[in-house]
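Only this structure's heavy atoms are used, side chains among them; waters, hydrogens and symmetry mates stay out. In what follows, chains carry the letters A, B, and so on, assigned in the order in which the sequence lines appear, proteins first and then strands, with residues in each chain numbered from 1.
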Amino acid sequence: MPETAIELIAVNKWFGDFHALKDISLLVGSGDKVVICGPSGSGKSTVVRCINKLEEHQSGTIRLYGHELTNDPRSVASIQGEVGMVFQQFNLFPHLSVLNNLMLGPMKARGLSRSAAEERARHYLTRVRIPDQADKMPKQLSGGQQQRVAIARSLCMEPKVLLFDEPTSALDPEMISEVLDVMVELAEEGMTMIVVTHEMGFARKVADQMVFMDQGEIVEQGTPDAFFANPETARCQKFLSQILQH
Amino acid sequence: MKRFFLPLALLLLLAGCGGSGTWGWYVIDPTTPAGWTNIKFLISGMGSTILISVIAAAISIVLGLIVALPGQSSNRWLRLINRVYVEFIRSIPLLPMLFWVFYGLPIVFRSMGLNIPIDPFWGAIITLALSDSAFTAEIYRSGIQSIARGQTEAAQTIGLTYTQTMRYVVLPQAIRRILPPLANQFIYIVKMSAFASVIGMQELTRRANELVVTEYRPLEIYTLLILEYLVLVLIISAGVRWLERKMGSDERV
């Protein structure tokens with residue numbers, strides 16, 4: 001059994017009166033790849049946003065490598081950069097060049113020198129296969145390239161865990177595979193990943209664990225083989241039939 | 001050139017009336033020694049007007065940011081401080097505030113055992129900067145809020161602190177958007193600096209008032225005064241457009 005990377009125990013979250021997460025428990029081993037899917041509004045994005053403390057949780061326990069995360073600002077500060085995040089809308093910094101987008105975190109948060117940060121930035125740009133775009137501005141790149149820059153930006157912090165919040169949902173169809181290819185490579189290299197996505201081909205290929213959520217609950221959980229072959233609940237069967245129809 | 005046409009035409013028209021008994025353009029006729037002396041006297045207030053406006057605007061830009069940032073905090077007490085400051089300061093008309101600062105503030109200082117005299121120069125600057133800072137703070141607020149939340153979230157996930165996020169991510173983007181309204185505020189300061197004449201500050205308006213008292217030609221002298229402000233504001237506008245182009249405020253991000 002590998003070391004536990006992330007542990008959620010009975011996590012609850014409300015937005016006002018809306019019960020967004022209901023007793024969420026999840027165990028992610030170091031190096032595991034977990035894919036979370038479910039209909040929109042099911043709370044899957046909220047789960048990953050609680051893990052990197054972009055959202056507060058109201059009850060339950062979240063641990064990162066045994067270290068409990070509370071809503072205390074100091075606790076929040078302690079994980080910054082340890083948990084990388086790739087957003088649906090990329091969220092690159094539009095006023096900075098690609099290279100500076102990548103160097104900002106290592107220089108300001110990790111205290112790396114400019115030359116060390118640049119070396120690291122170029123290394124990860126090569127990893128996501130766009131070494132020649134370093135000096136461009138984000139808006140000069142295609143959506144697929146922007147998302148790969150965003151992945152490289154997260155990698156520059158050398159995080160222990162990488163979270164993906166619907167990384168391909170805002171992309172044109174022809175650009176989805178270039179992003180997924182990079183993600184598959186990361187998975188093969190042993191990165192611990194939690195991926196919220198509807199890309200079931202990707203899920204079959206890399207997931208160790210599938211999680212299906214609906215209405216703030218984890219409805220079904222299992223290995224991809226079992227999950228796709230024999231979904232147990234009616235809700236999950238219906239969801240899978242809807243997204244795998246075409 | 002087009003924008004200079006109207007005032008120029010107006011001036012020529014008025015100058016053409018110089019012969020009749022009701023007009024007295026001779027007071028500012030540059031071809032006569034007396035008129036030229038008067039013009040030089042009027043324009044000599046320009047330096048003070050520019051100086052107090054620039055210093056007041058500089059203070060207001062810094063003070064406005066200091067006031068605006070607590071307004072973005074998740075702490076409600078900090079937000080309250082911001083709201084109280086903005087609502088209180090912007091409700092005070094400039095002239096009463098000027099009187100309070102110039103005549104009242106030294107008394108407050110004396111009662112605290114401090115001997116800080118306030119001359120017309122600093123009285124005007126303090127008042128203009130204070131009064132303007134409430135508006136500058138609101139401009140910062142709208143600029144900061146216009147930056148998408150995803151930007152601060154992305155900054156947070158790469159480990160930046162709040163201060164670093166503001167400095168490297170939010171403010172550089174916000175500044176392009178707030179430059180036009182900030183420039184507008186600067187023009188407002190330049191115009192409001194005319195109030196400083198009532199506490200004896202030797203600036204454009206004060207010079208005009210003093211000349212009117214000796215020459216008794218209000219129409220001609222105040223016309224020139226208005227044109228002086230017009231030229232000043234047009235120069236500022238041109239400067240701001242240059243700055244906007246340079247910083248890329250005019251392009252969509």
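Both the backbone and the side chain of Gln156(B) come within contact range of chain A, judged by heavy atoms closer than 4.5 Å. When heavy atoms are compared at a cutoff of 4.5 Å, Arg149(B) approaches chain A solely by way of its side chain, counted from C-beta outward. Both the backbone and the side chain of Phe93(A) have a heavy atom closer than 4.5 Å to some heavy atom of chain B. Heavy atoms closer than 4.5 Å to chain A are found nowhere in Ala148(B), neither backbone nor side chain. With a 4.5 Å cut-off on non-hydrogen atoms, Leu163(A) does not touch chain B at all. With a 4.5 Å cut-off on non-hydrogen atoms, Gln88(A) does not touch chain B at all.
Across Asn100(A), Leu104(A), Leu96(A), the residue that shares the most heavy-atom pairs under 4.5 angstrom with chain B is Leu104(A).
The 12-atom threshold is exceeded at CZ of Phe15(A), counting heavy atoms of other residues, nucleotides or ligands nearer than 6.0 Å. For CZ of Arg167(B), the number of neighbouring non-hydrogen atoms (other residues, nucleotides, ligands) closer than 6.0 Å is 12 at most. Annotation: Glu158(A), atom CD; neighbour count of heavy atoms from other residues, nucleotides and ligands within 6.0 Å is above 12.
In this structure, Arg49(A) CZ and Thr157(B) OG1 are separated by 10.5 Å, a value rounded to the nearest 0.5 Å. Between atom CZ of residue Arg110(A) and atom CD1 of residue Ile158(B) there is a gap of 10.0 Å, rounded to the nearest 0.5 Å. Once rounded to the nearest 0.5 Å, the distance linking NE2 of His95(A) with CD1 of Ile175(B) reads 11.5 Å.
At a threshold of 4.5 Å between non-hydrogen side-chain atoms, the residues Glu153(B) and Met85(A) do not count as touching.
Minimum interatomic distance between Asn91(A) and Ala154(B) (heavy atoms only, all atoms of both residues): O-CB, 3.5 Å. Between Gly159(B) and Ala109(A) the shortest heavy-atom distance is O-CB, 3.3 Å.
Using a 4.5 Å heavy-atom cut-off against chain A, no residue of residues 181-194 of chain B qualifies as contacting.
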